Amino acid sequence: MTKRITTVNEMKAIIQTLKREQKQIGFVPTMGALHEGHLTMVRASLRNHDITVVSIFVNPLQFGPNEDFDAYPRDIESDQAKLEPLGVDYVFYPSVEEMYPQPLAISLKVNRMAEVLEGSKRPGHFDGVVTVVNKLFNIIRPDYAYFGKKDAQQLAIIEKMVDEFNHPIEIIGIDTIREADGLAKSSRNVYLTAQERKEAIHLYQSLKKAEEMYDAGERNSRKLIDMIRDHLTTNTSGTIEDIAVSSYPELVEQKEITGQIFISLAVKFSRARLIDNIIIKGENHD
Ligand code: PAF
């Protein structure tokens with residue numbers, strides 16, 4: 001049975017017992033509205049570790065003033081019903097008041113890696129992410145924590161944070177899970193209109209075309225970006241917010257492609273802002 005824990009103290013007490021019993025803990029942090037992408041991470045944790053903890057917490061610190069914090073989909077019963085049959089041990093489901101009883105006097109700030117890509121469009125977003133993930137790591141004290149590669153910038157920043165702050169945790173990045181037509185699974189896909197849902201397949205299609213160009217020998221980022229822009233403009237009604245070719249995990253813009261790169265894009269539809277990316281392992285990279 002999946003136990004739902006709502007207080008920090010109870011969660012910490014359970015973790016203390018599990019640690020005493022030398023159980024290995026896998027952790028999947030989420031904001032709920034669980035889909036196959038989350039469940040793939042959960043299954044990996046269940047396969048690999050003694051205990052799996054999933055957190056469900058819509059973290060206000062990582063939403064900007066004009067973002068969808070209030071509207072973000074929340075349905076704990078339906079989420080728990082998805083976790084229960086898989087055999088998840090604990091769902092940590094704190095309230096905002098439980099996590100932040102008062103405005104934080106101290107929070108974390110991402111100095112590098114946040115001023116580009118998603119971070120440049122969403123000021124403060126990654127500060128909010130690392131602040132809550134630090135708190136969650138300190139409460140759950142996992143041995144392993146799972147993050148999706150769909151949020152590749154988040155994954156790179158979390159890996160850096162774990163390294164710089166010496167968390168004794170191994171971060172595991174899980175490949176993006178897609179619908180049959182290629183659209184990356186996301187809790188925000190529910191906001192798409194029927195027409196936008198049809199158009200949204202072109203995000204991944206444009207990335208795949210860029211990969212084909214790369215495979216055919218193109219190494220000029222501008223050419224890849226221009227092709228993606230044309231493809232999206234022709235095939236979708238969304239507003240293109242970003243298309244970039246960066247090194248990964250360093251997230252430095254690349255004019256000429258050499259090592260491992262990350263092609264990312266963000267498109268704003270009427271109510272949903274979608275992101276997607278592919279990571280291409282360059283030559284000389286294992
Ligand atoms: O990726 C998410 O769902 C969130 O950013 C996370 C990691 C759960 C932190 O709130």
Side-chain angles (χ1 to χ4, degrees), residues 8 11-12 15-16 18-19 24-31 38 41 44-45 48-49 52-55 57-64 92 94 99-100 103-176 242 244-254 258-264 266 275 277 279-282 284-286:
V8 171
M11 192 73 249
K12 282 173 78 173
I15 297 291
Q16 201 167 15
L18 293 170
K19 292 276 178 194
Q24 192 181 78
I25 299 174
F27 175 42
V28 185
T30 81
M31 298 204 300
H38 299 112
M41 297 195 273
S45 174
N48 294 328
H49 317 298
T52 291
V53 181
V54 176
S55 66
F57 178 63
V58 185
N59 171 36
L61 295 190
Q62 68 189 75
F63 288 79
F92 181 49
M99 284 295 273
Y100 306 117
L104 289 176
I106 299 163
S107 59
L108 295 182
K109 176 154 172 40
V110 183
N111 298 313
R112 253 181 308 119
M113 302 170 80
E115 73 276 22
V116 292
L117 307 172
E118 281 301 278
S120 70
K121 305 284 179 302
R122 307 182 64 189
H125 168 71
F126 287 115
D127 299 344
V129 170
V130 293
T131 301
V132 79
V133 170
N134 257 280
K135 278 177 72 75
L136 290 167
F137 281 178
N138 287 330
I139 296 164
I140 314 254
R141 293 158 60 202
D143 300 286
Y144 294 84
Y146 290 75
F147 291 83
K149 290 189 186 169
K150 177 167 161 293
D151 296 309
Q153 186 174 11
Q154 168 172 281
L155 173 60
I157 289 173
I158 298 287
E159 280 177 331
K160 183 58 89 185
M161 176 193 85
V162 162
D163 180 35
E164 291 191 346
F165 284 76
N166 311 99
H167 282 287
I169 300 171
E170 189 167 322
I171 301 299
I172 305 191
I174 296 286
D175 286 343
T176 302
D242 200 25
V245 178
S246 323
S247 59
Y248 196 85
E250 302 81 6
L251 309 180
V252 176
E253 192 185 338
Q254 299 291 291
T258 48
Q260 172 162 268
I261 55 149
F262 161 58
I263 309 179
S264 56
I275 59 171
N277 71 74
I279 295 174
I280 300 179
K281 284 191 197 301
N284 316 321
H285 204 287
D286 36 60

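Residues: numbered from 1 along the sequence shown. Small disclaimer: the values here were computed from a predicted structure and weren't measured.
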Are Y144 and N48 close enough, and set up right, to give a side chain to side chain contact (heavy atoms under 4.5 Å, CB included), and what steps lead you there?
-> CA-CA 9 Å; Y144 294 84; N48 294 328; over 6 Å; no
Mind checking the CD1-CD spacing from I263 to Q254? Nearest 0.5 Å is all I need.
-> 11.0 Å
Show your working on side chain to side chain contact (heavy atoms under 4.5 Å, CB included) between V116 and S246 and close with a plain yes or no.
-> CA-CA 10 Å; V116 292; S246 323; over 6 Å; no
Contacts satisfying ring pair (Phe, Tyr, Trp, His ring centres under 6.0 Å) that involve residues 112-137 (not counting sequence neighbours) are F137-H167
Sub-4.5 Å side-chain heavy-atom contact between L136 and M99 | yes
V53 and R141, any side-chain heavy atoms less than 4.5 Å apart | no
With side chain to side chain contact (heavy atoms under 4.5 Å, CB included) as the test, would you mind laying out the steps for I158 and V129 before giving the verdict?
-> CA-CA 9 Å; I158 298 287; V129 170; 4.1 Å; yes
Nearest 0.5 Å please: distance from the CZ atom of F63 over to the CZ atom of R122.
-> 7.0 Å
Mark yes or no for whether S247, through its side chain, and I261, through its backbone, hold a donor-acceptor pair below 3.5 Å.
-> no
Rounded distance [0.5 Å steps], CD in E170 versus CD in E159 | 9.5 Å
Interatomic distance, H38 atom NE2 to Y146 atom OH [nearest 0.5 angstrom] | 15.5 Å
How about K12: does its NZ atom have over 12 heavy atoms from other parts shown lying under 6.0 Å from it?
-> no
So CZ of F262 and CD1 of I279: to nearest 0.5 Å the spacing works out to 6.5 Å
Report yes if the side chains of P29 and F57 come closer than 4.5 Å at any heavy-atom pair, otherwise no.
-> no
Taking side chain as C-beta onward, heavy atoms only, is K135 less than 4.5 Å from V8?
-> no
Over 12 non-hydrogen atoms of neighbours within 6.0 angstrom of CD in E253 | no
May I ask you to test the I139-I15 pair for a side-chain heavy-atom distance under 4.5 Å?
-> no
Gap separating the CE atom of M161 from the CD1 atom of I169, nearest 0.5 angstrom | 7.0 Å
Please tell me if the side chains of V132 and L61 come closer than 4.5 Å, counting only heavy atoms from C-beta onward.
-> no
Short side-chain to backbone donor-acceptor contact, E164 and V162, under 3.5 Å = no
